[in-house]
Amino acid sequence: MKVRVRFAPSPTGFLHIGGARTALFNWLYARHTGGAFILRIEDTDTARNTGPAVEVILNGLRWLGLDWDEGPLTSDPAGPSKGERGPYFQSQRRAIYQRHVERLLARGLAYEDDGAIKFRMTREPVEIEDLIVGRVRRELTDREAQDPDFILVRSDGQPVFHLVNVVDDLEMGITHVIRGEDHLSNTAKHLALFRALGAEPPRYAHIPLILNPDGSKMSKRDVGASLTTYMEEAYLPEALVNYLVLLGWSPKEDRELFTVAELIERFDLSRVQRHNARFDLTKLQWMNGEYLRALPPERFDALALQTLRRAGLDPDRFPPAYVRAALDTCRGKLRTLTELPAYGGFYFTGVTGYDAGAAAKHFTPENRPRLQRLRDALTRVESFDAAALEACLKTTAAELGVKPAVLVHPVRLACTGRSSGPSLYHLMEVLGRKETLARLDAALQTIPASAGSPASP
RNA sequence: GACCCUAUGGUCUAGUGGUUAGGACACCACCCUUUCACGGUGGUAGCCCGGGUUCGAAUCCCGGUAGGGUCGCCA
């Protein structure tokens, strides 16, 4: 039988990072088995659900690269979809739910109570055979022992989650329900409902949850809980996917970096972890850096440009060749794109100030004549390229009887305002002779001529 | 409160009765080096606790502890 799995989020305007991972596991399982990945929108809570909220889900999945074989094509519940088992918005499936409720009613498996319809739940413990957790025997809680029946349809006629979830899984021919472990206890209800509907339930696979770094539950409010955050902060989707899949699953090998194709080939439910995992942003950043470094230059440049513009810089004022050369010196040195404006912004803004600590250390009276000497030497360099610049700086240092580093640090500070950054010689080459000299002159202005007294203008 | 799940360094994990307990991130040191990254080498650090079973337990069983989940006319 062909595998059919689904991701069934409710549109709240928010896609939880844990939800994204649930979608990923479902998608990988479908692709690994050659099955179908179905997207279903659980919008029964009509008051809260809006088009933009659905858009958040669709955009998030698309950004991650998780394409669905069946499901909505747009955020419009009445709009087009693909697949034979639609509609894929629960708000459009009222008649289907009603049909099943009436059957339950007719057979005495459900009954009316205060205008709502309740399900006659079994009083016996329920055995759950979970693909990940194993066999679970779920007994009634003390509250349930008093009244185990639960609502299927509210008194206002709205069907409830347990009902719609089960009916849809049944109607859509879902074979494997891969979902968060927070649903494990609910599974008893779902199993009982499947039986009452006279249907064979799907296989269940409950995956562990993602926790905050401190081990607490990751809820909407926690930073990093929303997929949108990573999209906005320009993380690479392939890096996030790689990081997320390793949170609760591991391949056999001692490897951590995998292409999506390799993940599809390796993914299986049997190696899914049984315990929750904490989200470690530092490791995600490391992984993002790995992917950033491996990016083709054209794609890096495109993303870098976006990031610069978003940071309020205006790289488009500069000649394309200059921009390309500038970004070339930054590629491979960043963990995240958001570091770029601080790292290479000096190419596009000029030097707006000097790092105070570094200035105190390197813009000293005794360095002043040295810098002046280097400045003069730079006017005589024939070809203003990295190799020639390195030679020039080293020769000058030798003539002065100091180590190259004595010049390197103040020159870097003068050119960039900071104590670290791209390769100094390459950065000067990109800046060009005129700009480099201008920046050196500007720096010389601020350096005191002798100890204690500021430079005269 | 009841019910359910889980437990290997700070974090993610490999491990399914016999291993000097492996890898990755982070951290520290050194090397490389024009800074910072990258890369390389080395290092600190772990089987939650207590009982069993066994010649032998990280691994199996029981109890405890801790963390997480569920018990809605939310999903």
Side-chain angles (χ1 to χ4, degrees), chain A residues 8-12 19 42-45 48-49 90 113-118 125-126 128 130 132-134 136-148 150-162 164-165 180-189 206 208-209 211 213-217 243 246-257 271 273-287 289-290 293 330 332-335 339 343 358 386 389-390 393-394 397 403-405 407-409 411-413 416 418-428:
Chain A
S10 86
T12 58
E42 306 222 331
D43 59 343
T44 52
D45 191 356
R48 254 191 316 174
N49 301 320
Q90 290 183 333
D113 181 44
D114 281 336
I117 296 170
K118 294 182 82 172
V126 176
I128 303 165
D130 191 275
I132 292 165
V133 186
V136 176
R137 182 185 161 89
R138 166 64 155 76
E139 315 245 2
L140 298 186
T141 66
D142 55 1
R143 282 189 65 150
E144 290 167 337
Q146 288 172 32
D147 177 19
F150 58 92
I151 306 272
L152 295 177
V153 182
R154 287 180 268 250
S155 48
D156 66 0
Q158 281 286 339
V160 160
F161 165 73
H162 299 300
V164 298
N165 194 267
E181 198 210 82
D182 49 343
H183 286 298
L184 183 55
S185 293
N186 288 152
T187 305
K189 290 187 173 75
H206 287 92
L209 305 179
L211 270 25
D214 69 358
S216 61
K217 183 188 181 180
Y243 176 71
L246 259 23
L247 226 45
W249 174 83
S250 76
K252 290 196 186 79
E253 311 109 288
D254 266 355
R255 268 179 70 193
E256 306 240 293
L257 268 14
R271 293 186 68 84
Q273 214 66 243
R274 264 154 283 255
H275 60 266
N276 297 342
R278 303 182 189 207
F279 195 88
D280 182 5
L281 187 61
T282 307
K283 184 151 185 180
L284 202 213
Q285 288 175 336
W286 163 77
M287 198 169 270
E290 293 291 311
R293 232 164 269 126
C330 300
K333 312 262 281 186
L334 310 168
R335 289 191 310 171
E339 294 167 359
Y343 190 81
L389 292 167
E390 178 169 5
L393 185 141
K394 286 186 170 164
K403 289 191 287 193
L407 291 175
V408 164
H409 293 289
V411 173
R412 170 183 301 285
L413 190 58
T416 72
R418 298 166 58 95
S419 55
S420 70
S423 160
L424 178 63
Y425 309 122
H426 291 87
L427 128 208
M428 289 195 291

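These values consider heavy atoms only, across backbone and side chains, with no hydrogens, waters or symmetry-generated copies. Here the structure is a predicted model, which means the values were calculated and not measured. In the text below, chain A, chain B and the rest are named by the order of the sequence lines, each starting its count at 1.
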Base U34(B) paired with Lys403(A) side chain (donor-acceptor, <3.5 Å)
no
When the P atoms of C55(B) and C48(B) are considered, how many whole Å apart are they?
25 Å
Out of A37(B), G68(B), C73(B), minimum distance to the side chain of Lys333(A) belongs to A37(B)
Looking only at heavy atoms, what is the nearest atom pair of Ala277(A) and Leu247(A), with distance?
CB-CG, 3.9 Å
Is there any protein nitrogen or oxygen under 3.5 Å from a nitrogen or oxygen in nucleotides 39-46 of chain B, and what are the pairs?
none

Quick one: pull up NZ in Lys394(A) and NZ in Lys403(A) and give me the separation to the nearest 0.5 Å.
13.0 Å
In this structure, how many angstroms lie between the C1' atom of C36(B) and the CG atom of Leu413(A), rounded?
14 Å
Name the residue closer to the 5' end of RNA chain B, choosing between Lys217(A) and Lys394(A) according to the nucleotide with the nearest heavy atom.
Lys394(A)
Any base atoms under 4.0 Å from Gly421(A), or only sugar-phosphate, or nothing? Heavy atoms, all strands.
base
Please state whether the phosphate of U13(B), meaning OP1 or OP2, lies under 4.0 angstrom from any side-chain nitrogen or oxygen of Arg271(A).
no
Please determine, for the side chain of Asp114(A), which listed nucleotide (C73(B), U70(B), A75(B)) has the closest atom?
C73(B)
Quick check for you: to the nearest 0.5 Å, what is the distance between Glu256(A) atom CD and Lys283(A) atom NZ?
3.5 Å
C3(B) - base-pair partner by Watson-Crick or wobble geometry, distances under 3.5 Å
G69(B)
When both distances are under 3.5 Å in a Watson-Crick or G-U wobble arrangement, the nucleotide paired with U33(B) is none
Ignoring hydrogens and angles, are the base of U34(B) and the side chain of Ser423(A) linked by a donor-acceptor pair under 3.5 Å?
yes
Say we look at G51(B) and U41(B): how far apart would their C1' atoms be, to the nearest angstrom?
45 Å
Taking the P atom in each of C36(B) and G22(B), what is the distance between them to the nearest angstrom?
32 Å
Nucleotide opposite G18(B) in a Watson-Crick or G-U pair, distances under 3.5 Å:
C55(B)
Taking any strand in view, what nucleotide pairs with A24(B) in a Watson-Crick or G-U wobble way, both distances under 3.5 Å?
U11(B)
Between Pro159(A) and Arg154(A) the two heavy atoms that sit nearest each other are O-NH2, 3.4 Å
Can you tell me how far the CD atom of Glu181(A) sits from the OG1 atom of Thr187(A), to the nearest 0.5 Å?
10.0 Å
Classify His162(A) by what it touches in the nucleic acid, base, sugar-phosphate, or nothing, heavy-atom distance under 4.0 Å.
base
Taking atom C1' in both G50(B) and C3(B), compute the distance separating them and give it to the nearest angstrom.
25 Å
How far does the C1' atom of A26(B) sit from the matching atom of U19(B), given to the nearest Å?
26 Å
Ser10(A) has its side chain closest, among C73(B), A75(B), C3(B), to A75(B)
Would you find a donor on one side and an acceptor on the other, under 3.5 Å apart, between the side chain of Arg274(A) and the backbone of Ile132(A)?
yes
If you measure from the C1' atom in C47(B) to the same atom in U8(B), how many Å do you get, rounded?
4 Å
By nearest atom, which of the nucleotides G68(B), U35(B), U70(B) is closest to the Ser216(A) side chain?
G68(B)
Tell me which nucleotide among C71(B), U34(B), A75(B) gets nearest to the side chain of Thr141(A).
C71(B)
Paired with C48(B) by Watson-Crick or G-U wobble geometry, both distances under 3.5 Å: which nucleotide is it?
G64(B)
Donor/acceptor link under 3.5 angstrom from Ser185(A) side chain onto base of C71(B):
no
Could you run through nucleotides 5-11 of chain B and give me one letter per nucleotide, 5' to 3': B if any protein heavy atom sits under 4.0 Å from the base, S if only the sugar-phosphate is that close, - if neither?
SSSS--S
When we call it a touch if two heavy atoms are under 4.0 Å apart, what does Ser155(A) touch: a base, just sugar-phosphate, or nothing?
base
Does any N or O in the side chain of Asp43(A) come within less than 3.5 Å of the main-chain N or O of Gln90(A), such that one atom is a donor and the other an acceptor?
yes
How far, in whole Å, is C28(B) from A7(B) if one measures between their P atoms?
32 Å
From A14(B), A75(B), U35(B), pick the nucleotide closest to the side chain of Ser420(A)?
U35(B)
Looking at Ala188(A) and Arg138(A), what are the two nearest heavy atoms and their distance?
CB-CG, 3.8 Å
Look only at the side chain of Arg335(A) and the backbone of Leu284(A), and say whether a donor-acceptor pair between them is shorter than 3.5 Å.
no
So what does Pro422(A) touch, heavy atoms closer than 4.0 Å: a base, only the sugar-phosphate, or nothing?
base
What nucleic acid atoms does Ile151(A) come within less than 4.0 Å of, heavy atoms only: base, sugar-phosphate, or nothing?
base
Span that lies between the C1' atom of G69(B) and that of A29(B), in whole angstrom:
44 Å
Has Arg271(A) got a side-chain atom pairing as donor or acceptor with Ser250(A)'s backbone, closer than 3.5 angstrom?
yes
Under 4.0 angstrom between Thr44(A) side-chain N/O and A75(B) OP1 or OP2:
yes
Taking the side chain of Glu256(A) as heavy atoms from C-beta outward, which of G23(B), G68(B), A75(B) is closest to it?
G23(B)
Pick base, sugar-phosphate or nothing for Gly248(A), based on heavy-atom distances below 4.0 Å to the nucleic acid.
sugar-phosphate
Lys/Arg N to Asp/Glu carboxylate O, Lys217(A) vs Asp182(A), below 4.0 Å
no
Please check: side-chain N/O of Tyr243(A) versus main-chain N/O of Asp280(A), any donor-acceptor pairing under 3.5 Å?
yes
Measure from the side chain of Asp142(A), starting at C-beta and using heavy atoms only, and say which of G1(B), C73(B), U34(B) lies closest.
G1(B)
Any Arg255(A) side-chain nitrogen or oxygen under 4.0 Å from OP1 or OP2 of U13(B):
no
Give one of base, sugar-phosphate or nothing for Leu246(A), where a contact means two heavy atoms less than 4.0 Å apart.
sugar-phosphate
What nucleic acid atoms does Leu140(A) come within less than 4.0 Å of, heavy atoms only: base, sugar-phosphate, or nothing?
sugar-phosphate
Is it possible for you to check whether Lys333(A) lies under 6.0 Å from the centre of the six-membered ring of Tyr343(A), through NZ or CZ, and within 45° of that ring's axis?
no
